[in-house]
Visitor: 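Pasting a structure below so you can have a look.
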Amino acid sequence: MTSISLAAPRPVLIDRVVPRGIVADVATITAGAALTAVLAQVAVPLWPVPVTGQTLAVLLVGATLGAARGSISMALYALVGGLGLPVFSDASSGWTVIAGPTGGYILGFILAAAIVGWAAEREWDRGWLKPAVTFIGGSLVVFAIGLPWLAMSLGQLGLPNDLQSVLIAGFYPFIIGGLIKAAIAAALLPLAWKAVEKRRDA
């Protein structure tokens with residue numbers, strides 16, 4: 001009898017470590033949301049959008065869990081934060097956070113994890129160049145959703161929301177940090193694969 005699982009059609013990193021099954025899926029999805037919550041507290045407090053470690057978590061979760069579990073993990077993160085658990089940056093929570101300037105970034109995590117996970121299922125988390133391209137692309141997906149949301153939010157607050165103002169508020173300060181986080185993720189994943197394969201061959 002085949003067990004129920006959200007595991008990727010092609011094995012990703014977690015499938016080499018944890019046996020497939022619904023219990024494992026729930027545990028790893030929850031762990032991914034928890035990691036994102038922890039790295040959300042690693043923050044440089046800027047307004048309206050703080051610099052945090054969340055994007056690094058999103059990239060790692062997507063690549064490790066695959067498209068389905070990675071995106072569900074980020075959806076869980078957004079849901080529990082909206083319901084009141086202090087998992088967003090600066091231990092904040094509530095639907096007002098999602099409705100505010102940073103909400104688009106949080107929702108962008110879901111799509112970014114799905115895309116990075118999809119790439120990982122096709123072995124774009126191996127080597128160095130492919131992971132770097134994958135993770136930079138995943139980071140850009142977050143901005144693709146976050147920036148229009150930020151523009152709308154700034155407009156509702158009566159603040160300038162022209163393209164340059166939005167880029168200054170929600171993109172330019174994050175370029176260097178985003179590249180660093182993508183590089184960290186691109187370095188960690190191949191190392192993790194080597195460790196897993198070495199253990200399997202032992």
Side-chain angles (χ1 to χ4, degrees), residues 32-63 67-68 70-119 131-186:
L35 175 64
T36 309
V38 170
L39 290 186
Q41 310 316 313
V42 180
V44 177
L46 300 178
W47 193 92
V49 183
V51 176
T52 74
Q54 286 166 300
T55 308
L56 176 58
V58 173
L59 300 177
L60 292 175
V61 169
S71 59
I72 293 171
S73 182
M74 293 303 100
L76 175 63
Y77 170 73
L79 177 63
V80 298
L83 291 174
L85 288 181
V87 297
F88 300 144
S89 62
D90 197 29
S92 59
S93 64
W95 299 115
T96 54
V97 175
I98 295 178
T102 61
Y105 297 88
I106 295 170
L107 297 180
F109 295 162
I110 302 171
L111 181 58
I115 290 175
V116 170
W118 179 88
V133 171
T134 298
F135 296 143
I136 290 172
S139 299
L140 290 175
V141 168
V142 175
F143 287 111
I145 297 176
L147 291 173
W149 192 286
L150 174 61
M152 180 181 65
S153 180
L154 291 176
Q156 291 174 343
L157 294 172
L159 298 171
N161 66 343
D162 58 279
L163 178 60
Q164 186 65 8
S165 297
V166 171
L167 291 175
I168 290 172
F171 182 67
Y172 295 150
F174 306 93
I175 293 175
I176 294 177
L179 291 173
I180 291 173
K181 285 181 277 189
I184 291 172

Visitor: Please name all residues satisfying ring pair (Phe, Tyr, Trp, His ring centres under 6.0 Å) with Y77, sequence neighbours left out, ordered by chain then number.
Guide: F88
Visitor: Apply side-chain contact (heavy atoms from CB on, under 4.5 Å) to T36 and V87, showing your working.
Guide: CA-CA 8 Å; T36 309; V87 297; over 6 Å; no
Visitor: Taking all non-hydrogen atoms of both residues, which atom of A67 and which atom of S71 are closest, and how far apart?
Guide: O-OG, 2.8 Å
Visitor: Provide the closest heavy-atom pair for P86 versus A91 in the form atom of the first, atom of the second, distance.
Guide: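 Heavy-atom minimum between the residues: CB-O, 3.1 Å.
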Visitor: Who are the side chain to side chain contact (heavy atoms under 4.5 Å, CB included) partners of A34, not counting sequence neighbours?
Guide: none
Visitor: Taking only distance into account, with no hydrogens and no angle test, what donor-acceptor pairs under 3.5 Å do side-chain atoms of residues 106-116 form with protein atoms, sequence neighbours excluded?
Guide:
none

Visitor: Got a sec, which residues hit side-chain hydrogen bond (donor to acceptor under 3.5 Å, both in side chains) with S165, two or more places apart in sequence or on another chain?
Guide: D162
Visitor: How close do P173 and L46 get, counting heavy atoms only, and between which atoms?
Guide: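 Heavy atoms only, the tightest pair is CB-CD1, 4.2 Å.
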Visitor: Please check this pair: side chain of Y105 against backbone of Q54, looking for a donor-acceptor N/O pair closer than 3.5 Å.
Guide: no
Visitor: Listing request: all side-chain hydrogen bond (donor to acceptor under 3.5 Å, both in side chains) pairs with a residue in residues 131-150, at least two apart in sequence or in separate chains.
Guide: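 Every candidate side-chain hydrogen bond (donor to acceptor under 3.5 Å, both in side chains) pair involving residues 131-150 fails, so no pair, neighbours aside, qualifies.
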Visitor: What residues, two or more places apart in sequence or in another chain, satisfy side chain to side chain contact (heavy atoms under 4.5 Å, CB included) together with L35?
Guide: L39, A57, V61
Visitor: For T55, check side-chain hydrogen bond (donor to acceptor under 3.5 Å, both in side chains) against everything at least two apart and list the hits.
Guide: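 T55 satisfies side-chain hydrogen bond (donor to acceptor under 3.5 Å, both in side chains) with no other residue.
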Visitor: Does any part of the side chain of D90, heavy atoms only, come nearer than 4.5 Å to the side chain of P45, both counted from C-beta?
Guide: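 When only atoms from C-beta onward are counted, D90 and P45 do not touch, as no gap falls below 4.5 Å.
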Visitor: Ignoring hydrogens and geometry, is there a side-chain-to-backbone donor-acceptor pair from W95 to G82 under 3.5 Å?
Guide: yes
Visitor: G81 and S93: which non-hydrogen atoms are nearest, and at how many Å?
Guide: O-CB, 3.4 Å
Visitor: Would you tabulate the side-chain donor-acceptor contacts of residues 150-161 under 3.5 Å, counting partners in other chains and residues two or more places apart, or write 'none'?
Guide:
from : atom 1 : to   : atom 2 : distance (Å)
N161 : ND2    : A151 : O      : 3.0

Visitor: Output all residues satisfying side chain to side chain contact (heavy atoms under 4.5 Å, CB included) with F174, sequence neighbours left out; order by chain, then residue number.
Guide: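 Side chain to side chain contact (heavy atoms under 4.5 Å, CB included) check on F174 returns V49, V51, F143.
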Visitor: Taking A43's backbone N and O only, do any of them form a donor-acceptor pair with T52's side chain (distance below 3.5 Å, no angle check)?
Guide: no
Visitor: With sequence neighbours left out, write down each residue that passes side chain to side chain contact (heavy atoms under 4.5 Å, CB included) with V133, or none if nothing qualifies.
Guide: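 Testing V133 for side chain to side chain contact (heavy atoms under 4.5 Å, CB included), a comparison that skips the adjacent residues, returns W124, L129.
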Visitor: Do V97 and S92 make a side-chain contact, defined as non-hydrogen atoms from C-beta onward lying under 4.5 Å apart?
Guide: yes
Visitor: State which residues pass ring pair (Phe, Tyr, Trp, His ring centres under 6.0 Å) with Y172; sequence neighbours excluded, sorted by chain then number.
Guide: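 Partners of Y172 under the ring pair (Phe, Tyr, Trp, His ring centres under 6.0 Å) test: none.
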